[in-house]
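Note on naming: letters A, B, ... go to the chains in the order of the sequence lines (proteins, then strands), and numbering restarts at 1 for each one. Atom set for the values below is all heavy atoms of this structure, side chains included, hydrogens, waters and symmetry mates excluded.
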2 protein chains.
Amino acid sequence: MTFSAPAQKLAAYASLSATEVGVMGALSEGRLQSYSRGRDIVLQGQSLKTMFIIVEGWAMRYKTLADGRRQILSFLVAGDVCDPYCFLLHKADHSIGTITDVTTVTVDRGTMEDIVLAHPGLAKAMWVNALVTASIQREWCVSIGQRTAFERLSHLFCEMYSRLEVVGLAQEGRCAFPVNQYDLADATGMTAVHVNRVLQELRNRGLIQLQRPDLFIPDLIRLQTVALFDPLYLHPKPRESDAREAMHEQ
Amino acid sequence: MTFSAPAQKLAAYASLSATEVGVMGALSEGRLQSYSRGRDIVLQGQSLKTMFIIVEGWAMRYKTLADGRRQILSFLVAGDVCDPYCFLLHKADHSIGTITDVTTVTVDRGTMEDIVLAHPGLAKAMWVNALVTASIQREWCVSIGQRTAFERLSHLFCEMYSRLEVVGLAQEGRCAFPVNQYDLADATGMTAVHVNRVLQELRNRGLIQLQRPDLFIPDLIRLQTVALFDPLYLHPKPRESDAREAMHEQ
DNA sequence: CGGCTCTTTGACTGAACTCAATAGTCGTGG
DNA sequence: CCACGACTATTGAGTTCAGTCAAAGAGCCG
């Protein structure tokens, strides 16, 4: 069920009690808001009053320079909190725009503060979530700074596939990928023309099948290998089964 | 006094009571540790047990790829917390190494948790600090992805000058900048050769004077202009005087 | 059937990289 | 006091990856 994505996402980072999952569920039935594609949800410089959590659709974090150059900093999918910092920082230092039609839950400061005080498990999960977001940002720096164009795109596909899998939106190598080549270019620090050529190479080498908005990765391991993808930076919570094994090993 | 840098840094993000400043001061006299230049303080993949705050010297956050390529993610100076996430994340997703000789305060989880519970103002400042760190990381993505080599280096000088100013280590256009051209290259995603050439251009245009480890910026505004530097992303706390003016305006 | 958005292609250019060599700078030890 | 090595900065020449400019297809929708 799509509406539980926020809960599913947070549960990936910290164990939540049934009550806490329930609270997140209730939230999701709260103030839903829709945005059509190509709109802005938050603008650079705006003061932050409410928190948005994506329930459905894709959005992006981005910054623009004075002369119009734009860097996309992250893609946001179901379960992602757009602005976990709204409690503490006064002004948005970047914008958030939609890539597809998007549905969000809007939670205002007060409500969130109450929830967080009442449910420490949720508070912890929120913070872990923010820290993982920071880790992802660091990995993007590595990609843009060090990886070749080919590795960079591969890595992005690996990352989004992993993140979508956590919220149940990817399986058997298939997931949505509704990003056009202009946005892909601004996310990877390349030009759209070059993105196009590198995508062709990825396709020719059989690493991906991409017909917007559908992505199919025939062999995830192989793609991860050429991308130099190491999932550590996503800080996956060890699976229950893995945890059990680890205990036995001790 | 150098030892108060951590307190000074945190005070820049949230108002601290005299007691809280005192606590930070006491901390700084606690477990000091020295590292010679070129050492690693934390290694990618290590489990995190203690928190380090830089008291003196320069360090860097970095990640390496399997084949040895390295991306420097951030420079750390007095007052910077190396790993604010050590409470919540289990493994370091990147390494921290020293650039100069470095002195740190070591605070273990337990101590920090006690302090944070007893002093909510400090807790808040710590979180704001973590969020600003994330914002800086986003700006680095913008630099590497969109700015030209020339703008990128200029921007880095502007950023470090601002950050050093906050902890009283920069004034009248002068501050330390002990980073060699190889590290500068890995921080900006360029090669050392190209860094060298761009630095020459910066010098020729009179924008900087750099004789390691001393940096002099004759005209900060001019450098900020060519760098497309907008300090918003550092989330400076409005000065008391500015705050008063803002109130009068209302 | 336009009109829009997005993708693809071709030809040319240029910013930044590679490789390789040279030149300072500094501390150490003979 | 000088020689030496380690490290860093600088320079030159040739190469390449990715960008620019411009145009042509594809797909979709009203």
- Item | Whole-Å gap separating P (C/dT5) and CZ (A/Arg37) | 9 Å
- Message: Please report the distance, rounded to the nearest Å, between CG in B/Leu199 and P in C/dA16.
- Response: 13 Å
- In residues 178-187 of chain B, what residues come within less than 4.0 Å of DNA chain D, judged by heavy atoms? B/Asn180, B/Gln181
- Task: Could you tell me whether A/Glu201 and A/Arg197 make a salt bridge, using a distance below 4.0 angstrom between a side-chain N and a carboxylate O?
- Result: no
- Query: Roughly how far, to the nearest 0.5 Å, is CD1 of A/Ile217 from CG of A/Leu207?
  - Reply: 9.5 Å
- Looking only at side-chain N and O atoms, does A/Asn196 come under 4.0 Å of OP1 or OP2 in C/dT7? no
- Give every residue pair that meets the side chain to side chain donor-acceptor pair (under 3.5 Å) criterion with at least one member in residues 67-83 of chain B, sequence neighbours excluded. A/Gln146-B/Gln71, A/Glu151-B/Arg69, B/Lys9-B/Asp80, B/Asp67-B/Arg69, B/Arg70-B/Asp183, B/Arg70-B/Asp186, B/Asp80-B/Arg163
- Item | Distance in angstrom units between B/Asp214 CG and D/dA9 P, rounded | 13 Å
- Message: Without decimals, in angstroms, what is the distance between A/Glu201 CD and C/dT8 P?
- Response: 14 Å
- Do B/Tyr62 and B/Gln44 have side-chain N/O donor and acceptor atoms under 3.5 Å apart? no
- Side chains of B/Leu169 and B/Glu165 in contact at under 4.5 Å (non-hydrogen atoms): no
- Task: Going 5' to 3' through nucleotides 15-28 of chain D, assign each nucleotide B (protein heavy atom under 4.0 Å from a base atom), S (under 4.0 Å only from sugar-phosphate atoms) or - (no protein heavy atom that close).
- Result: ---SSBB-------
- Message: Within the supplied structure, the quantity of interest is the number of heavy atoms (other residues, nucleotides, ligands) at a distance under 6.0 Å from B/Arg37 CZ; does it exceed 12?
- Response: no
- Message: Rounded at 0.5 Å granularity, tell me how far NE2 in A/His155 sits from OG in A/Ser143.
- Response: 5.0 Å
- Query: When the distance from CZ of B/Arg212 to C1' of D/dT10 is rounded to whole Å, what number comes out?
  - Reply: 14 Å
- Just to confirm, is there a sub-4.0 Å distance from OP1 or OP2 of C/dT9 to any side-chain nitrogen or oxygen of A/Gln200? yes
- Task: Indicate yes or no: does B/Asp214 engage B/Arg174 in a salt bridge with an N to O separation below 4.0 Å.
- Result: no
